[in-house]
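Have a look at the structure below before the remarks.
When a ligand or atom number is given, it counts from 1 through the structure's own listing order.
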Amino acid sequence: MTEKNSSNAQTDRVFATERLPTAFAFDDQVASVFEDMINRSVPGYSTIISMIGVLAERYCGAGSTIYDLGASLGGASFAVAQQLPHNDYRIIAIDNSAAMTSRLSAKLDALDEPYPIECRHEDLRDSKIEDASMVILNFTLQFIDPAAREALMQKIYDGMRPGGLLVISEKIQFPDPALNELFIDLYHRFKETQGYSKLEISQKRAALENVLIPETLATHRERLNGAGFHSVDCWFQCFNFASMVAFK
Ligand code: GEK
């Protein structure tokens, strides 16, 4: 079995029936439907994942160490592994949800030909980053306490090789309130086109309140530049979702 045909993702119905408001968590229920959930909830997710592989091919030569922080089920790690033309690399995939890491470990164990992906169950705020050619934060920073984001970004910068690449994808907000509202509204329309009901959309939105905390592109840029990164810019954006590159 290869990773490409190993997916038997179940349909996300986590917010389909009325429920008491509870904060969103990456628990067993979410992990069991995660591939379907993220594909139907993040516009451009599959493009972003494929392009992370293409970016890795450019920046991860022989001897590379790649960190996938907040790896979930390893979507970005597998894209990198499938795209790299050599085997002389290692990917360290980190997540603090046991529901995610147990599933990712099982996926890795089920491969016929193993990839050099090491799955670690830890809080990325405590993780050591060393000699990284590439660091991936694919829709993860948004779940970290904003007060901890600057120190995390500095740790990542300090743990990277000169010339290394950071890819950071986030839900973003806009300083122009009208544009912000428009993009949120269009995003909800997108979710309806993906088969989510208005109840599902509103219950998930409420659950993510104070759990997923988006920032503006300007805030991201400022923090990344402050940590020492250069050539910081967006390479993908769709409504209120964006992915940026930053170089050491
Ligand atoms: C993908 N990158 O498919 N330490 C470690 N992991 C964390 C922490 C933390 N402090 N906080 C949150 N997470 C993936 C998708 S999902 C994005 C990333 C989403 C983990 C959390 O457990 C979850 O698995 C992941 O970050 C965010 O490319 O669901 O929108």
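Summary of contacts: the protein heavy atom closest to atom 3 (O) of ligand 1 is Y45 OH, 2.5 Å. The protein non-hydrogen atom at the shortest distance from atom 5 (C) of ligand 1 is N96 N, 3.2 Å. Looking at atom 22 (O) of ligand 1, its nearest protein heavy atom turns out to be D95 OD1, 2.6 Å. Ranking the protein heavy atoms by distance from atom 19 (C) of ligand 1 puts F143 CE1, 3.6 Å first. Ranking the protein heavy atoms by distance from atom 4 (N) of ligand 1 puts L124 N, 2.9 Å first. Atom 17 (C) of ligand 1 has F139 O, 3.0 Å as its closest protein atom, hydrogens excluded (heavy atom only). The closest protein non-hydrogen atom to atom 28 (O) of ligand 1 is N138 ND2, 2.9 Å. Counting protein heavy atoms only, atom 25 (C) of ligand 1 is closest to S72 OG, 3.5 Å.
At under 3.5 Å, a nitrogen or oxygen of G70, whether backbone or side chain, sits near a nitrogen or oxygen of ligand 1.
A distance-only check finds no donor-acceptor pair linking the side chain of K248 to the backbone of L165 [under 3.5 Å].
Checked against I156 for a side chain to side chain contact (heavy atoms under 4.5 Å, CB included), the options L124, L141, V135 give a single hit: V135.
Listed by number with element, the atoms of ligand 1 under 4.0 Å from a non-hydrogen atom of I49 are 28 (O). Close approach of ligand 1 to D123 (heavy-atom distance below 4.0 Å) involves ligand atoms 4 (N), 9 (C), 10 (N). Of all the atoms in ligand 1, the ones that sit under 4.0 Å from a non-hydrogen atom of E122 are 4 (N), 5 (C). Taking every non-hydrogen atom of S97 and a distance limit under 4.0 Å, the qualifying atoms of ligand 1 come out as 22 (O).
Evaluation of the ring-ring contact (aromatic ring centres under 6.0 Å, His included) test over residues 198-234, restricted to residues two or more places apart or in two chains, returns Y157-F229.
Between D68 and R120, none of the side-chain N atoms (NZ, or NE/NH1/NH2) sits under 4.0 Å from a carboxylate O, so this pair counts as no salt bridge.
Using a 3.5 Å distance cut-off with no hydrogens or angles, the side chains of D158 and Q154 do pair a donor with an acceptor. No side-chain N or O of T11 forms a donor-acceptor pair with one of D36 less than 3.5 Å apart.
At a heavy-atom distance under 4.0 Å, no atom of L212 approaches ligand 1. The backbone of A71, and not its side chain, has at least one atom closer than 4.0 Å to an atom of ligand 1 (non-hydrogen atoms only; backbone = N, CA, C, O).
If you chain together hydrophobic residues whose side chains sit under 4.5 Å apart, L182 and F239 fall into the same group.
A ring-centre distance under 6.0 Å is not found for F241 and F236.
Among all heavy-atom pairs drawn from I48 and F139, the shortest one is CD1-CZ, 3.8 Å.
Listed by chain and number, the residues in a side chain to side chain donor-acceptor pair (under 3.5 Å) with Q29 amount to none (sequence neighbours excluded).
A heavy-atom separation below 4.0 Å is found between Q142 and ligand 1.
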